[in-house]
Amino acid sequence: MALDRFFRRRRPQQQPGAEMPDLWTQCPRCKEGVYNRDLELSAHVCPRCGHHLRLDAGQRLAVLLDEGSFQRQSGRVWPVDPLAFEDTEPYPARLARAQQKTGRPDAVLTGSGTILGLPVTVAAMDFAFSGGSMGSVVGEEIARAAEHAAGAGTPFVLVAASGGARMQEGALSLMQMAKTTVALEGLAERGIPYVSILSDPTTGGVTASFATVADVIVAEPGALIGFAGPRVIQQTIRQHLPEGFQRSEFLLEHGMVDAVVDRREHRAYLRSLLGVLTRQPAPEVGA
Amino acid sequence: MSAPADTLRELEARLRDLEGTAQRTGQNLDAALAPLRAEVERLRGEGHARLTRWERVALARAPGRPTALDYVERLCTDFTELHGDRAYGDDPALIGGPARWGGVPVMLLMGQKGRDTKSKIRRRFGMSNPEGYRKAVRLMDLADRFGLPVVTLIDTPGAYPGIEAEERGQGWAIAESIQRMVRLRVPAVCVVIGEGGSGGALAIGVGNRVLVQENAWYSVISPEGAASIIWKDAAKAPEAAEALRLTAPDLLELGLVEEVVPEPLGGAHLDPDAAAAALGEAVSRHLAQLSALGPDELKAERSARFRALGSFREE
């Protein structure tokens, strides 16, 4: 017992987060320190408490796709400043910072790849870029990805992670909700499946457009998903929000998502679901 | 009231007097009145151009501004309001039904605000619950079935942010309404007649033509919402209104609307009949133009219109 405690003391949760060595990540929920290598092996799900840590778009596709199968399509479309928007700082300065931080032109990464051998077109939103907010570029890249899927005849898998439409592009951002929906029509017309995975958080204009018009909607455990943000609702009704309000499990209970699926199961879940929807023969056992 | 506006009111009063005199006496004063008329027109134009964005937002919300039903009373016959989403309830903030618009059979979908305190509360100040958007989907099904062009009048600060709205899938309902509108095989003409707040407005805003009244606003978020995000202070809404570029002239310049529908000087609330006449004419004209297109063309044209929206550069 004493020995056990001795070792436990040495676990990194005892250290302040800022001094946490690069080898470790502290789980935001249980505060346990987890080896980054172990986190990667567990799809960035805390092995102790099951908390699903937020992923950037690159990590997301690494979790979802067969290793080495990804071929990027996004990246040539760059945001501009159509409103000359300035609040506490000019929009271009915000963009430059987010671009430097993420190494991406904007808050989405799209391309093609395979999931357990099944070819798919994918789009992953990047919450690390300006809260995954949707402006013209996010709308355009998602529209192009949907059109690529329709052209290639491959199922489209989209992972949402977004605070909603991007304020700094005003009504242009709003119109991306309609634009993406238009592009997704090609899939519906050709009978090509579209699955959306809602991750933490998915709110606002993303929830009210492409993320929820999917054929199948999957939510990650514990994700915040809704239209209005909890703070806005609280200000409006001036009441405490119920426990678990707007979380994935709440939405499953209210019939809004098809399933809450642990991230470690996503590949198997999608392979099996998409295999049936595209009427492909089941993969060989062991293949 | 600013000095030019005072001048304008004086001139307008004098013009009315002289016109009255001309009518009573049977004298033709047209030649004599022409310079005065021209000056009045010039000042009217100036007056509108000088409004700040925040002043236009105030006009969009002005007490007594015509609501959708005020326009229906003036412009439509045979309006039959159809209620309910057939699943949960009826939303009084988003209403609709078949009617004749200037004699032409259409399906109306409208954001409706109350006209007095009691009805304002009942209609949740124009903020819809999911049932409103699901009713819109149902009425669009009817429009397609019976070949009725869809006319929408948008007037909402945004979808209602409430617990029940979220439980019943507010985001889902808006997304389905957008999608249903994309799929319409009949003409769709949308007009923002007051407030065009966010997804709750776009839900009935996916038209072949999108128009905006001169003093209406349309954006991704309300000025107050933007101000509380940016400055953590809703009182900075005037600054946010400037930054968002949400007025009718802005929207025209950004290429997001086809036309600005003129309002009487000082706003639609000062002369609802004149505002209605301009609205009626604009919608009828666009409906007439669209009537030449077939169902596939209408869907394709609408899709192409929205697919092209966005501002970016490509390397």
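Proteins get letters first, then strands, A, B, ... in listed order; numbering begins at 1 in each. Hydrogens, waters and symmetry mates are skipped; everything else that's a heavy atom, side chains included, is used.
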Task: From CD (E315(B)) to CZ (R76(A)), nearest 0.5 Å - done: 10.5 Å

TODO: Name the option with the most non-hydrogen atom pairs under 4.5 Å to chain B; the candidates are V137(A), V206(A), L241(A), D87(A).
DONE: D87(A)

- [ ] Under 4.5 Å heavy-atom distance to chain A, tell me which part of K299(B) shows up: side chain, backbone, both or neither.
- [x] side chain

Task: Selection from S177(B), A243(B), A227(B) maximising heavy-atom pairs under 4.5 Å formed with chain A - done: A243(B)

Task: Audit row: R313(B), E140(A), salt bridge (Lys or Arg N to Asp or Glu O under 4.0 Å) steps and yes/no - done: CA-CA 11 Å; R313(B) 70 187 161 87; E140(A) 182 66 23; over 6 Å; no

TODO: Check whether any side-chain heavy atom of S219(B) sits under 4.5 Å from a side-chain heavy atom of L174(A), and report yes or no.
DONE: no

Task: Closest-packed option against chain B by number of heavy-atom pairs under 4.5 Å, given V182(A), T203(A), D106(A) - done: V182(A)

Task: Under 4.5 Å from any heavy atom of chain B - which part of T88(A) - done: both

TODO: Please confirm whether the backbone N or O of S311(B) pairs with a side-chain atom of S136(A), one donor and one acceptor, at under 3.5 Å?
DONE: yes

Open item on the list: At a heavy-atom distance under 4.5 Å, which candidate from G199(B), A308(B), S303(B) has the highest pair count against chain A?
Closed with: S303(B)

Open item on the list: Working to the nearest 0.5 angstrom, can you tell me the gap between Q179(B) CD and L184(A) CG?
Closed with: 8.0 Å

TODO: Verify, without hydrogens or angle tests, whether R245(B) (side chain) and A84(A) (backbone) share a donor-acceptor contact under 3.5 angstrom.
DONE: no

Open item on the list: If the threshold is 4.0 Å, N to carboxylate O, is there a salt bridge linking E189(A) and R183(B)?
Closed with: no

Task: Separation of K179(A) NZ from I178(B) CD1 (nearest 0.5 Å) - done: 14.0 Å

Open item on the list: Within a 6.0 Å radius of atom CD on Q71(A), are there more than 12 heavy atoms belonging to other residues, nucleotides or ligands?
Closed with: no

- [ ] Report, by ascending residue number, the residues of residues 216-235 of chain A in heavy-atom contact with chain B at a distance under 4.5 Å; give 'none' if the set is empty.
- [x] I217(A), I225(A), G226(A), F227(A), A228(A), V232(A), I233(A)

Task: Partner residues of D81(A) under the salt bridge (charged side-chain N to carboxylate O under 4.0 Å, His left out) criterion, sequence neighbours left out - done: none

Open item on the list: So which residue, E185(A), Q246(A), Q176(A), ends up with the most heavy-atom pairs under 4.5 Å with chain B?
Closed with: E185(A)

Open item on the list: For the interface with chain B, which of G170(A), S209(A), A183(A), A208(A) has the highest count of heavy-atom pairs at distances below 4.5 Å?
Closed with: A208(A)

Open item on the list: Need one label for L246(B): side chain, backbone, both or neither, based on atoms under 4.5 Å from any heavy atom in chain A.
Closed with: neither

- [ ] Flag the pair M256(A) / E166(B) as yes when at least one side-chain heavy-atom distance between them is below 4.5 Å, and no otherwise.
- [x] no

TODO: Give, for atom CD of E141(A) and atom CZ of F312(B), the distance between the pair rounded to the nearest 0.5 Å.
DONE: 8.5 Å

Open item on the list: Are there residues of residues 150-168 of chain A whose heavy atoms fall under 4.5 Å of chain B's heavy atoms? If so, which?
Closed with: A165(A), R166(A), M167(A)

- [ ] Go through the structure and list residues passing salt bridge (charged side-chain N to carboxylate O under 4.0 Å, His left out) with E131(B), not counting sequence neighbours.
- [x] R168(B)

Open item on the list: Quick check: do W172(B) and V213(A) have side-chain heavy atoms less than 4.5 Å from each other?
Closed with: no

Task: Closest-packed option against chain B by number of heavy-atom pairs under 4.5 Å, given I237(A), L83(A), L172(A), T181(A) - done: L83(A)

Task: Reported CG-to-OG distance for the pair L244(B) and S173(A), which is rounded to 0.5 angstrom - done: 9.5 Å

TODO: Rounded to the nearest 0.5 Å, what's the gap from CZ on F250(A) to CD on E167(B)? Could you check?
DONE: 4.5 Å

